[in-house]
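Before any comments, here is the structure.
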Amino acid sequence: MLPILSPIRFLFRLSAEASPVPQARVLRLTACAGLSCLALLAAPVAWPQAATDGPATVPDGSAQGDANQPDPDSASLPGAELSSRILQQYLLAEMAVQRNQPAVAHSLLSELARATRDPRFARRATEAALYGRQLELAIVSANLWVELAPESVRARQTLVGVLASAQRLSQMEPHLAWLLARQGHGVAGDLLRLPQLFARLSTHAEAVGLVDRLTEPYLRLPEAHVARAQTAAMAGLVERAVADCERALALRPDWETAVLLKAQLLSRQGAAVALEALSRHLERFPDAHEVRLQYARGLVAERRFAEARAEFSRLVDAQPENLDLRFALAMLALQSRDLTTAEAELSRLVASGRGNQDQYRFYLGQIAEERKQDDDALRWYRAVGSGESHAQAQMRIAQILLRAGLLEQALEQLRGWRERDTEARIPSLIGEAQILRDAGRTVAAFDLLQGGLKDSPDQPELLYEAALLAERLGRYDDMEANLVRLIAVKPDHAHAYNALGYSFAERNIRLAESERLLSRALELAPNDPFIIDSMGWLLFRKGDLAGAAEQLRRALMLRPDPEISAHLGEVLWLKGEREEATRTWRDAAQRHPGNEVLNNTIKRFLP
């Protein structure tokens, strides 16, 4: 059976940040009269961009933390004149970089730095080495840079970064201690940045000791304890990390960062433990917005939708202009079939004129369709513009037209979409096949998709949908051929393994191969209710009723699907648990009165 995406997926959003490598700036040397090439040194040089992640992010070491500000040692640069030899050697280094010879540039610039004692040449040499991915050379020239400009924040930052990339932790320590000490009252932010330096290490045990020593002077600050906790967590020392979070919270009980980290660590003991920690914090600090948001999301993940809805309602009350929170509340109302609340929230979002208007309109169309208000549903669906919801809207329009007995108009709707949008070829073909199938023209639907495969023989969605139609028609050889090809094209397609394995189990053939296929599907998607259902049905075919019931109960708990209910009820009936079987069927029939598989199963046992 096909998995259906829940609207709850919109509640979980992740973000990532990238820190670009600062662009090098040109050296400014003491001017020499009569040098026509001096203009080359007065403007920035466009260095080729290095294909590297660059040095790790390091503490700012200055109250401003602005890499574009001049270093404090710039006023005490050596007063060497710009001789023709210096200029010539510098220009040769620049040309070496442009010719992709960073090692040559590094050698020339390092020689100039030692000869002139000018730290800007050492900085340039370091940049050349980094561009050429020559970490050892970069370490040498960065050390020289620090030697020539011992008060330079940027020199220390760069040296720490390249040492971190080379995993030279012991050499980093004095420079990190210097940067932290220089920060003064602004050290808290730098303490929180410390663990980032060690995220890519192959082992974090040494980092724990280093961070402990670096943070020792700052243990009056909660940030020091969180830095320790993060580093300990990377080393797998979860209990130690939780204890460090507790120390941070003892210093600042309302600090959301610390309680969120603590909950993340406790989640390794189970979601319930983490949620309890967040709940206790909210009892003391009910205005902790980020904690409440994570608590609400955790409740959603645990499918505790009623509690999650209450939390999102409080969040919306506190931030009524937050569109994401209001949309989450609408989705939870929709999940619990509270169409009135869902419609009200979505209507407010549409009235705001902001956010993802197409998404809001699509779900308003779904609500109207659920209420059998097809004219209103069509109006909302037709208002959905381009974007993620557009394809779904086109399909819903076609389905409504089909229900109204307008098959040709439904098909023309999808064909017109295909003509207007070249990227709609695959989804519109699949949609047209679904319309034909629902109209009872399954052969035509299968032929349509097979025709699409002639132009796109390795298209995964076409292969999968055509295989399902082939099974419906009893064309098992075609079904198997398409699924085997799909697995070859996309070996991580969990539902291809599931479809083939379930087909064998349903027909009670090749059960050993079915088990191999379904086991692979579960490896790829261990919590997919449809795959768990298939495994339960396979166990039923093998005569393991207890194992089948266990798997099917788990599948039904994850998703109350009518076909899963049909399977579970049949297994329970044959186990002799007929009251539970009857209750399972009747509950499912109330929610899904028209499901053919469920109704046929009930008729077999309760005529």
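Ser107 contributes atom OG, which lies 11.5 Å from atom CG of Leu92 (distance to the nearest 0.5 angstrom). One distance of note links CG of Leu329 with CZ of Arg326; it measures 7.5 Å at 0.5 Å rounding. Taking CG of Leu194 as the start and CG of Leu180 as the end, the distance is 5.5 Å to the nearest 0.5 Å. With values rounded to the nearest 0.5 angstrom, Leu332 atom CG is found 10.5 Å from Phe327 atom CZ. The line from CD of Gln459 to OH of Tyr464 is 14.0 Å long, rounded to the nearest 0.5 Å. Annotation: the span from Leu325 atom CG to Glu345 atom CD amounts to 10.5 Å, rounded to 0.5 Å.
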**Request:** Run the numbers on Asp561 and Leu556 for side-chain contact (heavy atoms from CB on, under 4.5 Å), then give the verdict.
**Result:** CA-CA 7 Å; Asp561 181 87; Leu556 190 62; 5.6 Å; no

**Candidate pair Leu522 and Met535, rule side-chain contact (heavy atoms from CB on, under 4.5 Å), full reasoning** = CA-CA 9 Å; Leu522 283 172; Met535 181 60 80; 3.8 Å; yes

**Prompt:** So Val140 and Ser110, side-chain contact (heavy atoms from CB on, under 4.5 Å) or not? Walk me through it.
**Reply:** CA-CA 9 Å; Val140 171; Ser110 296; over 6 Å; no

**Criterion side-chain contact (heavy atoms from CB on, under 4.5 Å) on Arg220 and Tyr218, from CA distance to verdict** = CA-CA 5 Å; Arg220 70 188 186 283; Tyr218 309 103; 4.2 Å; yes

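We find that Glu216 and Arg213 are not joined by a salt bridge, their nearest charged nitrogen and carboxylate oxygen being 4.0 Å or further apart. Contact check on Glu173 versus Arg168 returns no salt bridge, with no Lys/Arg side-chain nitrogen under 4.0 Å from an Asp/Glu carboxylate oxygen. Under 4.0 Å is where a charged nitrogen must lie from a carboxylate oxygen, and between Arg124 and Asp118 no such pair does. Between Glu550 and Arg554 there is no salt bridge, since none of the side-chain N atoms of the basic residue sits less than 4.0 Å from a carboxylate O of the acidic one.
Contact detail for Ala227 and Leu191: the closest heavy-atom pair is CB-O, 3.2 Å. Taking all atoms of both residues into account, the shortest heavy-atom contact from Ala105 to Ala128 is CB-CB, 4.0 Å. Taking all atoms of both residues into account, the shortest heavy-atom contact from Gln269 to Val273 is OE1-CG1, 3.9 Å. Taking both residues in full, the closest heavy atoms of Ala113 and Ala122 are given as CB-N, 3.6 Å, listed atom of the first, atom of the second, then distance. Contact record, Ala288 with Leu282: O-CD2, 3.8 Å, taken as the closest heavy-atom pair. Nearest heavy-atom pair across Ala138 and Thr126 is O-CG2, 3.9 Å.
In this structure a side-chain-to-backbone donor-acceptor pair under 3.5 Å is missing from Arg268 to Val238. Formation of a donor-acceptor pair under 3.5 Å by the His493 side chain with backbone atoms of Ala496 is found in this model. Side-chain atoms of Ser313 never come within 3.5 Å of backbone atoms of Ala310 as a donor-acceptor pair (strictly under, hydrogens ignored). Judged by distance alone, with hydrogens and angles left aside, the side-chain atoms of Gln183 form a donor-acceptor pair with the main-chain N or O of Gly186 at under 3.5 Å. Panel note: side chain Gln357, backbone Leu349; a donor-acceptor pair is recorded below 3.5 Å. No side-chain donor-acceptor contact under 3.5 Å links Ser279 to the backbone of Leu275. Side-chain atoms of Gln167 never come within 3.5 Å of backbone atoms of Ala164 as a donor-acceptor pair (strictly under, hydrogens ignored). Under the 3.5 Å distance criterion, the side-chain polar atoms of Ser152 are left unmatched by any main-chain donor or acceptor of Ala149. A donor-acceptor contact shorter than 3.5 Å is absent between the side chain of Gln551 and the backbone of Asp533. In terms of modelled atom types and a separation under 3.5 Å, the side chain of Ser519 and the main chain of Glu515 share a donor-acceptor contact.
For the pair Arg182 and Arg156, the minimum side-chain heavy-atom distance is 4.5 Å or more. The shortest distance between side-chain heavy atoms of Leu221 and Val187 falls below 4.5 Å. Residues Pro286 and Arg314 have side chains in contact (heavy-atom distance under 4.5 Å, counting atoms from C-beta outward). Residues Leu486 and Lys490 have side chains in contact (heavy-atom distance under 4.5 Å, counting atoms from C-beta outward). Between Leu197 and Leu176, the closest side-chain pair of non-hydrogen atoms falls below 4.5 Å. Contact of the Tyr90 side chain with the Leu109 side chain is registered, since non-hydrogen atoms from C-beta on lie closer than 4.5 Å. A heavy-atom distance below 4.5 Å is found between the side chains of Met331 and Tyr363. Inter-residue side-chain proximity for Thr231 and His204 is flagged as unmet; no heavy-atom pair is nearer than 4.5 Å.
Atom CD of Glu307 has more than 12 neighbouring heavy atoms from other residues, nucleotides or ligands inside a 6.0 Å radius. Counted within 6.0 Å of CZ on Arg99, heavy atoms from surrounding residues, nucleotides or ligands total 12 or fewer; the atom is thus considered open.
Each of Leu278, Val300, Leu260 was checked for a side-chain contact (heavy atoms from CB on, under 4.5 Å) with Tyr295, and the lone residue meeting it is Leu278. Applying the side-chain contact (heavy atoms from CB on, under 4.5 Å) test between Phe198 and each of Gln230, Met234, Glu206 identifies Met234 as the sole match. Under the salt bridge (Lys or Arg N to Asp or Glu O under 4.0 Å) rule, Glu223 has a single partner from Arg228, Arg247, Arg193, Arg252, which is Arg252.
For the residue pair Asp358 / Ser389, no side-chain donor-acceptor distance below 3.5 Å is found, with atom types taken as modelled.
Between Phe285 and His281, the angle of the ring planes lies from 30° to 60°, which puts this pair in the tilted group.
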